[in-house]
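Notes for the one structure printed next.
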Protein chains: 2
Amino acid sequence: MARTVAFDQDQAIEKALDVFWRKGYNGTSMRDLTDAMQINSSSLYNTLGDKHQLFVQCIKHYTRKRRILLEERAKVFDSPQKALESFIHDVADVVVKDAQGCFAIKTAFEVSPDNKGIQALLKDDNDFTHTFLSKLIREAVEQGVMKKDTDPDLLADYIISTYTGWYELYILHKDPAKIKQLAAFMVYHLLR
Amino acid sequence: MARTVAFDQDQAIEKALDVFWRKGYNGTSMRDLTDAMQINSSSLYNTLGDKHQLFVQCIKHYTRKRRILLEERAKVFDSPQKALESFIHDVADVVVKDAQGCFAIKTAFEVSPDNKGIQALLKDDNDFTHTFLSKLIREAVEQGVMKKDTDPDLLADYIISTYTGWYELYILHKDPAKIKQLAAFMVYHLLR
DNA sequence: TGAATTTTGAAATGATTGTTTCAGAATTAT
DNA sequence: ATAATTCTGAAACAATCATTTCAAAATTCA
C-alpha cells in the first residue's frame with residue numbers, strides 16, 4: 001500500500017482563502033498560495049486541483065462557515081425582532097473588525113460577472129441569508145411586533161443590500177463609529 | 001519643430017477605462033489596453049505613463065464625469081425632496097443598466113485596501129456625493145418637508161451605503177424589478 | 001526643401017505567470 | 001525486510017507579464 005496525504009486539506013484551504021481574500025483572485029499567484037499553504041505546487045495540484053478549483057473550494061469553505069455561524073446564532077434568541085437586531089449589530093461588528101471587507105462581496109465584483117459557476121455559489125450564499133432574514137421578519141409580523149403591511153422578502157433584500165454598502169464605506173473612511181451609527185439607524189427605522 | 005502626438009488622449013483613456021471596468025486592475029494586461037486603445041505600448045508609455053498611472057487617470061476621468069453629471073442634474077429640480085427622489089431612482093436605473101457594476105465600487109474592493117493613493121481618490125468621490133445629498137436633505141428639513149430630527153450627514157451616508165448594495169444584488173440576481181422595488185421602498189421610508 | 005525633433009512600430013527585455021514533469025523519499029501491508 | 005505505491009521537492013515548461021529599446025517614419029518651422 002501507499003502512503004497517505006501528509007497535510008491537512010481544510011487547514012490548507014483556510015490559508016489559501018486568507019490569501020485570496022487579501023489579494024483577490026487575479027492578484028494572487030500560485031506562488032503566493034504555495035508559500036502561504038506551505039506545500040509544493042505538485043502536491044497542491046495532486047490534491048486540491050488548479051487555481052480555479054482551489055478558489056471554488058475557498059468560496060465553499062467561506063460560505064459554509066458563515067452558514068453554520070448563522071444557524072447557531074438563530075437558536076440563541078427567543079424573539080424574532082431581538083434576533084434581527086442582534087444580526088444587524090453583529091454585521092456592523094464584523095464590518096469594522098476586518099479591514100479587507102467581505103470575501104463574498106469582493107468576489108462578487110471581481111470574478112462573478114464573467115463566471116456563472118462562481119456567481120451561482122455566491123447567489124446561494126445570498127439566498128440563504130435572505131431566507132434566514134425573511135423568516136424572522138415573517139415571524140415578527142405574525143407576532144404583531146412589526147407592521148402588518150411589511151413585505152418580508154423586500155425588507156430582507158433591503159437589509160442585505162444596505163449592509164453591503166457598509167463594507168465599502170468602511171474601506172474608504174475607516175470610521176467604526178459611522179458604521180455603528182448606520183446600524184443603529186437601520187434598527188430604529190425598520191424594526192419598530 | 002517636432003510633430004505632435006497623434007491620438008486623442010481623452011478618448012484613449014475612455015477606452016482604457018472600459019477595459020479596467022470589465023476586467024479589473026489585476027485582470028487587465030497591457031496588451032488588453034493597447035489593443036483596445038489602438039496604440040502601441042511605446043506611445044502609451046511616452047504619453048500616459050505606466051499601467052498604474054493610466055489606472056489613476058481612468059479613475060479621475062470616471063469620477064470627474066460623474067461629478068459633472070450630478071451637478072447638472074441638481075439644477076433641474078426646484079424642490080430638494082424631488083431632487084432626492086429623482087437621484088435615488090436614477091441610481092436604480094444606472095444599476096440595472098450596466099451589468100458590470102460601478103467602477104468606483106469595484107475598485108474600492110479590489111485595489112483600494114492596499115493603495116492609499118487610489119483610496120483617497122475614491123474617498124473624494126464618495127465625499128462629493130455625500131455633500132451633495134446632505135445639502136439636499138438639509139434644505140428639505142428646513143423647508144419642513146422632512147422631519148426636524150433628521151440627521152442630514154447620517155441619512156446621506158445611509159442612502160449611499162444602501163444603493164452600493166444594489167450593485168452586488170443585481171450582479172447576483174440580474175433582477176431589475178427587485179432593484180426598482182428597493183429604490184421605491186427607500187424613497188417611501190426615508191423621504192416622507 | 002531640409003534640418004530638427006518627436007512619435008511610432010516591431011522586436012526584445014527579464015521577470016513572473018500557471019502548470020507539468022519525474023526521480024527519489026516516504027509510507028504502507030504483507 | 002521487501003515490494004508496491006504514493007507523495008514530495010526541485011527543476012523545467014511555454015506562455016504571458018509589464019516595460020524598454022531603437023531605428024525609421026512623420027511632422028514641424030525656418
Side-chain angles (χ1 to χ4, degrees), chain A residues 1-61 106-107 110-112 114-115 117-118, chain B residues 1-61 106-107 110-112 114-115 117-118:
Chain A
M1 272 287 276
R3 57 190 287 202
T4 49
V5 64
F7 68 96
D8 182 341
Q9 293 208 13
D10 249 38
Q11 209 169 321
I13 287 178
E14 251 179 63
K15 300 262 192 194
L17 169 60
D18 183 60
V19 180
F20 278 131
W21 199 334
R22 270 185 293 112
K23 307 190 140 200
Y25 180 78
N26 288 309
T28 299
S29 72
M30 291 303 286
R31 226 196 165 145
D32 292 332
L33 292 167
T34 51
D35 283 356
M37 298 163 83
Q38 302 226 55
I39 49 169
N40 195 271
S41 57
S42 70
S43 305
L44 178 54
Y45 276 86
N46 277 339
T47 51
L48 298 164
D50 63 16
K51 189 184 179 185
H52 187 267
Q53 290 174 291
L54 178 57
F55 188 68
V56 167
Q57 298 201 59
C58 286
I59 295 179
K60 287 183 177 169
H61 183 91
K106 285 188 75 160
T107 305
E110 191 200 353
V111 183
S112 154
D114 319 308
N115 190 317
I118 285 172
Chain B
M1 273 286 279
R3 58 188 288 199
T4 50
V5 62
F7 67 95
D8 183 340
Q9 292 208 14
D10 250 38
Q11 210 169 320
I13 287 178
E14 249 179 66
K15 300 263 193 193
L17 169 59
D18 182 60
V19 180
F20 278 131
W21 199 333
R22 271 185 292 112
K23 306 189 141 197
Y25 180 79
N26 289 310
T28 299
S29 72
M30 290 304 285
R31 217 196 172 146
D32 293 331
L33 292 168
T34 51
D35 282 356
M37 299 163 83
Q38 302 227 53
I39 50 169
N40 195 271
S41 58
S42 70
S43 304
L44 178 55
Y45 276 86
N46 276 341
T47 51
L48 298 164
D50 63 16
K51 189 184 179 185
H52 188 267
Q53 290 175 288
L54 179 57
F55 189 68
V56 167
Q57 298 201 59
C58 285
I59 295 178
K60 287 182 177 170
H61 184 90
K106 285 188 74 159
T107 304
E110 192 200 351
V111 182
S112 156
D114 318 309
N115 190 318
I118 285 171

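Bear in mind the structure is a predicted one, so any value in this text is a computation, not a measurement. Lettering of chains follows the sequences in order, A, B, ..., and the numbering in each one begins at 1.
Among the atoms of the strands shown, only primed sugar atoms or phosphate atoms (P, OP1, OP2) are found under 4.0 Å from some heavy atom of T28(A). At a threshold of 4.0 angstrom between heavy atoms, the contacts of D50(A) are confined to the sugar-phosphate backbone, with no base atom among them.
For the residue pair N46(B) / S43(B), no side-chain donor-acceptor distance below 3.5 Å is found, with atom types taken as modelled.
In the set dT8(D), dT17(C), dT19(C), the nucleotide with an atom closest to the side chain of M30(A) is dT19(C). When the nucleotides dA10(C), dT19(C), dA10(D) are ranked by their closest atom to the side chain of S42(A), dA10(D) comes out on top. Listed nucleotides dA18(D), dT8(D), dT17(C) differ in distance to K51(B); the shortest reach to its side chain belongs to dA18(D). The side chain of N46(B) has dT8(C) as its nearest neighbour among dG9(D), dT8(D), dT8(C).
For Y45(A) and dT8(D), the OH to P distance is 16 Å, given to the nearest whole Å. In this structure, L33(B) places its CG atom 8 Å from P of dA18(D), rounding to the nearest Å.
Between dT8(D) and S43(A), a contact under 4.0 Å exists linking OP1 or OP2 to a side-chain N or O. Neither OP1 nor OP2 of dT19(D) sits under 4.0 Å from any side-chain N or O of S41(B). Under 4.0 angstrom from either OP1 or OP2 of dT16(C) there lies no side-chain N or O belonging to S29(A).
Because its NZ or CZ atom is both nearer than 6.0 Å to the ring centre of Y25(B) and within 45° of the ring axis, K51(B) counts as a cation-pi partner of that residue.
Contact annotation: the side chain of D10(A) approaches that of H61(A) to within less than 4.5 Å [non-hydrogen atoms, C-beta and beyond].
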